[in-house]
S.K.: 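Let me give you the structure first, and then I'll get to my questions.
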Amino acid sequence: MADNGAYTGDMRVATWNVNSIKARLPTVLDVLKEIDCDVICLQEIKCETDAFPYLEIEDLGYNCAVHGQKSYNGVALLSRHPLEDIRKGLPGDDGDDQARYIEALVLAETPVRVGGIYLPNGNPAPGDKFDYKISWMNRLEAHARELLALEEPFALAGDYNTIPRDVDCWDIAVWRDDALALPETRQAFQRLKWLGLTEAFEAADGRAHEYSFWDYQAGAWQKGHGIRIDHLLLSPQAADRLESVEIFKKARGLDKPSDHVPVIAVLGDA
DNA sequence: ATGACTGGCCGTGCCAGA
């Protein structure tokens, strides 16, 4: 796709867990058109790299970088600008066969590095899956530290499977002992912020009881029983440009929806 | 109402998700 070198203005960066891109392609295409973003990180595409619907998404004007896997997980990065320095998997992922991280340098007028994240769920906790979640978060922290040393604008956007605060879910009594809210999970998330990263929604909005996920079960959407687990963490150079965050809640009310909705950070001029 | 789902897969139930 051609990069319009004359373009200046806001840069819209989104994250969205689509819960299978094949089962939902028409919906995904409609939502992508409506949210009008420059960069979109997709999670749970649930297809192998070669099976990604490149043509349909390129038709919307996006370049695609895809790190796929059969049946489970899988992440993709869509960009209206050229992509460079594509990385698939976190450093230290040797022997980890789960496709949960993709990163690229987005060649906007001011280049921005973007990492797309599908952090492990971690249930049941305690157990092997929870240990994997925490070790994955530790590897992410180590990589974030390396990126921060570059002193460049970057965003780590994705499904963090982390409820940061009690008010980021509909009833903390229900979620307190879940892998998404356990102290060890929150502390690992907090360590990312202590490195110097800014959680975009918290910084730009911060309201309680704003959600990005509603379970398919038990009428959770109709009852407003949601949780906020999809986040964008910004480097200082990106956080300085943060203007607003939008949660595209409308996507949850569509036919055949994903259980997550897009979360969008708007960055102003560099 | 102690109820209520969805996607992928060589599958007619099970695993995984959150």
Side-chain angles (χ1 to χ4, degrees), chain A residues 15-29 31 41-53 66-76 96-101 116-137 140 157-186 188-189 201 209-231 247 249 251-263:
Chain A
T15 176
W16 188 21
N17 180 322
V18 293
N19 186 20
S20 171
I21 194 143
K22 282 192 256 180
R24 223 174 304 293
L25 187 57
T27 303
V28 169
L29 296 175
V31 168
C41 301
L42 300 179
Q43 301 89 37
E44 280 207 275
I45 58 173
K46 291 186 176 178
C47 66
E48 293 179 289
T49 301
D50 292 343
F52 190 81
V66 180
H67 183 29
Q69 177 184 340
K70 186 183 171 91
S71 305
Y72 304 113
N73 311 314
V75 287
D96 184 346
D97 56 0
Q98 300 191 27
R100 295 180 175 275
Y101 186 79
I117 285 161
Y118 178 45
L119 213 144
N121 173 302
N123 281 303
D128 291 347
K129 292 190 173 182
F130 190 67
D131 293 343
Y132 173 65
K133 176 177 196 160
I134 298 301
S135 72
W136 203 96
M137 294 181 90
L140 179 61
D159 177 355
Y160 278 77
N161 271 314
T162 299
I163 299 170
R165 312 170 299 181
D166 287 357
V167 293
D168 294 318
C169 67
W170 60 279
D171 183 357
I172 190 58
V174 171
W175 288 95
R176 195 181 302 281
D177 297 323
D178 191 279
L180 279 60
L182 282 173
E184 209 175 341
T185 300
R186 284 185 173 175
F189 188 73
F201 177 86
H209 303 294
E210 294 293 316
Y211 309 131
S212 64
F213 168 93
W214 295 260
D215 202 286
Y216 290 123
Q217 299 189 62
W221 165 246
Q222 289 76 8
K223 293 177 182 172
H225 289 179
I227 57 181
R228 191 171 68 87
I229 56 177
D230 300 276
H231 310 298
I247 300 180
K249 195 173 172 179
R252 189 61 178 82
L254 303 174
D255 285 339
K256 294 267 291 174
S258 170
D259 38 10
H260 297 249
V261 299
V263 180

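Note that the structure is predicted; figures quoted are calculated from it, not measured. Proteins get letters first, then strands, A, B, ... in listed order; numbering begins at 1 in each.
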S.K.: To the nearest angstrom, how far is A/W214 atom CH2 from B/dT6 atom C1'?
M.R.: 17 Å
S.K.: Hey, is the main chain of A/G68 close enough, under 3.5 Å, to the side chain of A/T49 for a donor-acceptor pair?
M.R.: yes
S.K.: Toward the 5' end of DNA chain B, which comes first, A/A218 or A/I227, by nearest nucleotide?
M.R.: A/A218
S.K.: Would you jot down, in residue-number order, the residues of residues 253-261 of chain A having a non-hydrogen atom under 4.0 Å from DNA chain B?
M.R.: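 By residue number: A/K256, A/H260.
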S.K.: Roughly, in whole Å, what's the span from CD in A/Q217 to P in B/dT2?
M.R.: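 It works out to 17 Å between those atoms.
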S.K.: Considering just the side-chain nitrogens and oxygens of A/R24, establish if one lies under 4.0 Å of OP1 or OP2 belonging to B/dG7.
M.R.: yes
S.K.: Quick one: which protein N/O atoms are closer than 3.5 Å to N/O atoms of nucleotides 11-13 of chain B? Pair and distance per line, please.
M.R.:
none

S.K.: Is the distance from OP1 or OP2 of B/dC5 to the nearest side-chain N or O of A/N19 less than 4.0 Å?
M.R.: no
S.K.: Return the OH to CD1 distance between A/Y211 and A/I247, rounded to the nearest 0.5 Å.
M.R.: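 Going from the OH atom of A/Y211 to the CD1 atom of A/I247 covers 10.5 Å.
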S.K.: Would you say the side chain of A/K249 lies within less than 4.5 Å of the side chain of A/W221, judging by non-hydrogen atoms?
M.R.: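 Result yes, sub-4.5 Å side-chain heavy-atom pair found.
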S.K.: Calculate the interatomic distance between A/Q98 atom CD and B/dG8 atom P; express it in whole Å.
M.R.: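 Answer to the nearest Å: 18 Å.
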S.K.: What nucleic acid atoms does A/D178 come within less than 4.0 Å of, heavy atoms only: base, sugar-phosphate, or nothing?
M.R.: nothing
S.K.: Any chance you could measure A/N161, atom CG, to A/I227, atom CD1, to the nearest 0.5 Å?
M.R.: 7.5 Å
S.K.: Take the protein atom OH of A/Y72 and the nucleotide atom P of B/dC9, then report the distance between them rounded to whole Å.
M.R.: 8 Å
S.K.: Taking NZ from A/K70 and C1' from B/dC15, how many angstroms apart are they, rounded to a whole number?
M.R.: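 Those two atoms, NZ and C1', are 15 Å apart.
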S.K.: So do A/I117 and A/Y101 actually touch side chain to side chain, heavy atoms under 4.5 Å?
M.R.: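 A/Y101 reaches A/I117 side chain to side chain.
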S.K.: Please test A/N19 against A/K46 for side-chain hydrogen bond (donor to acceptor under 3.5 Å, both in side chains), starting from the C-alpha separation and ending with a verdict.
M.R.: CA-CA 7 Å; A/N19 186 20; A/K46 291 186 176 178; 2.9 Å; yes
S.K.: So A/Y160, base contact, sugar-phosphate only, or nothing? Heavy-atom distance under 4.0 Å.
M.R.: nothing
S.K.: Are the side chains of A/P120 and A/K129 in touch, meaning some heavy atoms are under 4.5 Å apart?
M.R.: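 With C-beta onward as the side chain, the pair stays apart.
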S.K.: Round to the nearest Å and state the distance from A/K22 atom NZ to B/dC9 atom C1'.
M.R.: 11 Å
S.K.: Does A/F52 have any ring pair (Phe, Tyr, Trp, His ring centres under 6.0 Å) partners at least two apart in sequence or in another chain, and if so, which?
M.R.: A/Y54
S.K.: In whole angstroms, how far is the C1' atom of B/dC15 from the CG atom of A/N73?
M.R.: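 After rounding, the reported distance stands at 13 Å.
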S.K.: What is the nucleic acid contact for A/R252, judged by heavy atoms within less than 4.0 Å: base, sugar-phosphate only, or nothing?
M.R.: nothing
S.K.: Report the residues that fulfil ring pair (Phe, Tyr, Trp, His ring centres under 6.0 Å) with A/H231, sequence neighbours left out, ordered by chain and then residue number.
M.R.: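 Residues passing ring pair (Phe, Tyr, Trp, His ring centres under 6.0 Å) with A/H231: A/Y160, A/F189.
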S.K.: As a test of reading the structure: which of B/dA4, B/dC9, B/dA18 is closest to the side chain of A/S71, going by heavy atoms?
M.R.: B/dC9
S.K.: Using a 4.0 Å cut-off on heavy atoms, which residues in residues 121-134 of chain A reach DNA chain B? List them by number, or say none.
M.R.: A/N121, A/K129
S.K.: B/dG7, B/dA18, B/dC9: which one has an atom nearest the side-chain heavy atoms of A/K46?
M.R.: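 The closest nucleotide is B/dG7.
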S.K.: Expressed as a whole number of angstroms, how long is the span from A/D230:CG to B/dG17:C1'?
M.R.: 13 Å
S.K.: Give a yes/no on whether any side-chain N or O of A/S20 is located under 4.0 angstrom from OP1 or OP2 of B/dG8.
M.R.: yes
S.K.: CG/A/L119 to CG/A/L140 distance, rounded to the nearest 0.5 angstrom?
M.R.: 6.5 Å
S.K.: Show me the donor-acceptor pairs within less than 3.5 Å that the side chains of residues 165-173 of chain A make with the rest of the protein, sequence neighbours left out.
M.R.:
residue	atom	partner	partner atom	Å
A/R165	NE	A/D168	OD1	3.3
A/R165	NE	A/D168	OD2	3.0
A/R165	NH1	A/G206	O	3.1
A/R165	NH2	A/D168	OD1	2.9
A/R165	NH2	A/G206	O	3.4
A/R165	NH2	A/R207	O	3.1
A/D166	OD1	A/R186	NH1	2.9
A/D166	OD1	A/R186	NH2	3.1
A/D168	OD1	A/R228	NE	3.1
A/D168	OD1	A/R228	NH2	3.2
A/D168	OD2	A/R165	N	3.0
A/D168	OD2	A/R228	NH2	3.3
A/D171	OD1	A/A173	N	3.0

S.K.: Are side-chain heavy atoms of A/E44 and A/Y118 found at a separation under 4.5 Å?
M.R.: yes
S.K.: Mind checking A/A23 for me? I need base, sugar-phosphate or nothing, with any heavy atom below 4.0 Å counting as a touch.
M.R.: sugar-phosphate
